[in-house]
Amino acid sequence: MSSPVSNNLENVDNDNHNTFIKQSKTDPNEMTVNRSKLLRTQMEQRLESARFRFINEQLYTSSSLEAYKLFHKDSDCFHIYHRGFTAQVKSWPQNPVDSIVDYIKKRPASLIVADFGCGDCKIALSVKNKVHSFDLFPVNKLVTVCDMSKVPLPDNSVDIVVFCLSLMGTNLCDFLVEANRVLVSK
């Protein structure tokens, strides 16, 4: 099963390509070196894209505990995944996180937010509200590392829960149950 974020990741940097070609017109030996550099760069991009797709597939087909173990066993996995995800989002007409930020900004700043699968904490960095940012691996000090099926918040403690492209895994129903637990009952 392929996810929506795994498409269209193998874009070659045309500016890089053009730079290699312009430099190589003057010296035939430099031309060979620059073509080698270009080929190497393209192959490295394709390998990282393939690894992103592989990790993405693992996230969709494993439990959150297994995903947690994957990222903590090999922290490069998390960084490759988020670089790939960031590259993918750049090709979209709109980043859904921006829509969520706009929504929250129109609400009272007193509302407390829980961002399940926060990634780079864009929501926490963009709004005045108190935001609890949860993910499997810490991108920065704003992230609380945890399994989203068991977040360290008391019952009825947040007003808004966000799952932005983070409902993946074989136990995603547990995430929804956990979100319901921490949401303020109205």
Side-chain angles (χ1 to χ4, degrees), residues 1-7 9 48-49 51-92 94-105 107 109 111-184:
M1 171 188 215
S2 163
S3 76
V5 295
S6 65
N7 301 327
L9 238 177
E48 187 152 316
S49 296
R51 188 149 186 226
F52 164 76
R53 287 189 302 276
F54 176 74
I55 295 166
N56 194 54
E57 185 71 22
Q58 286 184 301
L59 294 176
Y60 274 94
T61 59
S62 64
S63 72
S64 54
L65 179 59
E66 292 167 325
Y68 176 88
K69 288 177 182 177
L70 169 71
F71 285 151
H72 288 272
K73 180 180 169 187
D74 181 4
S75 63
D76 284 344
C77 283
F78 186 83
H79 297 295
I80 289 168
Y81 176 79
H82 275 279
R83 277 195 307 268
F85 180 80
T86 300
Q88 186 64 48
V89 169
K90 287 179 183 176
S91 70
W92 297 350
Q94 182 173 0
N95 183 341
V97 173
D98 295 335
S99 298
I100 294 166
V101 166
D102 291 343
Y103 173 84
I104 294 170
K105 283 182 174 181
R107 304 300 179 271
L111 296 180
I112 299 171
V113 179
D115 186 359
F116 285 63
C118 64
D120 61 4
C121 300
K122 185 171 184 178
I123 293 172
L125 295 168
S126 302
V127 299
K128 294 179 182 177
N129 305 64
K130 166 69 176 160
V131 178
H132 298 281
S133 301
F134 302 111
D135 214 319
L136 295 170
F137 197 86
V139 169
N140 59 44
K141 64 183 178 179
L142 297 175
V143 177
T144 299
V145 176
C146 68
D147 178 336
M148 293 190 309
S149 68
K150 297 177 187 91
V151 298
L153 290 175
D155 295 355
N156 303 307
S157 58
V158 300
D159 303 291
I160 299 171
V161 170
V162 175
F163 289 98
C164 186
L165 305 170
S166 60
L167 282 175
M168 57 176 72
T170 57
N171 64 323
L172 63 90
C173 289
D174 296 339
F175 308 158
L176 298 174
V177 169
E178 185 68 349
N180 189 55
R181 180 187 69 78
V182 301
L183 273 170
V184 171

Pairs involving residues 116-135, ordered by first then second residue, that meet side-chain hydrogen bond (donor to acceptor under 3.5 Å, both in side chains) (sequence neighbours left out): Asp98-Lys122

Within-4.5 Å side-chain heavy-atom neighbours: Ile80 and Ile55: yes

Under a 3.5 Å threshold, yes or no: a donor from one side chain and an acceptor from the other, between Asn171 and Ser63? no

Give, for atom CG of Leu142 and atom CG of Leu125, the distance between the pair rounded to the nearest 0.5 Å. 5.5 Å

Can you check whether Ile123 reaches Val162 side chain to side chain, under 4.5 Å on heavy atoms? yes

Apply side chain to side chain donor-acceptor pair (under 3.5 Å) to Asn180 and list each qualifying residue two or more places apart in sequence or on a separate chain. none

Heavy-atom closest contact (Leu176 atom, Phe163 atom, distance): CD2-CE1, 4.1 Å

Kindly say whether Leu153 contributes a backbone atom to a donor-acceptor pair with the side chain of Ser157 at under 3.5 angstrom? no

Cation over ring face, Arg83 and Tyr81, 6.0 Å, 45°: no

Heavy-atom closest contact (Met148 atom, Val151 atom, distance): O-CG1, 3.9 Å

Of the non-hydrogen atoms in Thr61 and Glu57, which two are nearest, and what is the gap between them? OG1-O, 2.9 Å

Sort out for me which residue in Phe52, Phe137, Phe85 forms a ring-ring contact (aromatic ring centres under 6.0 Å, His included) with His79. Phe137

Closest contact, heavy atoms only, Gly119 versus Val139: O-CG2, 3.4 Å

Can you give me every donor-acceptor pair (side chain of residues 68-75, partner residue at least two apart or in another chain, under 3.5 Å) with its distance?
unit_1, atom_1, unit_2, atom_2, d
His72, NE2, Leu136, O, 2.6
Asp74, OD1, Asp76, N, 3.1
Asp74, OD2, Arg51, NH2, 2.7

If you look at every heavy atom in Leu172 and Leu167, which pair is closest and at what distance? CD2-O, 3.9 Å

Check: Asp159 side chain, Ile112 main-chain N or O, donor-acceptor pair, under 3.5 Å: yes

Any side-chain heavy atom of Pro152 within less than 4.5 Å of one from Thr144? yes

Is any side-chain heavy atom of Val113 closer than 4.5 Å to one of Val158? no

Can you name the closest pair of heavy atoms from Phe134 and Cys146 and give their distance? CD2-SG, 3.5 Å

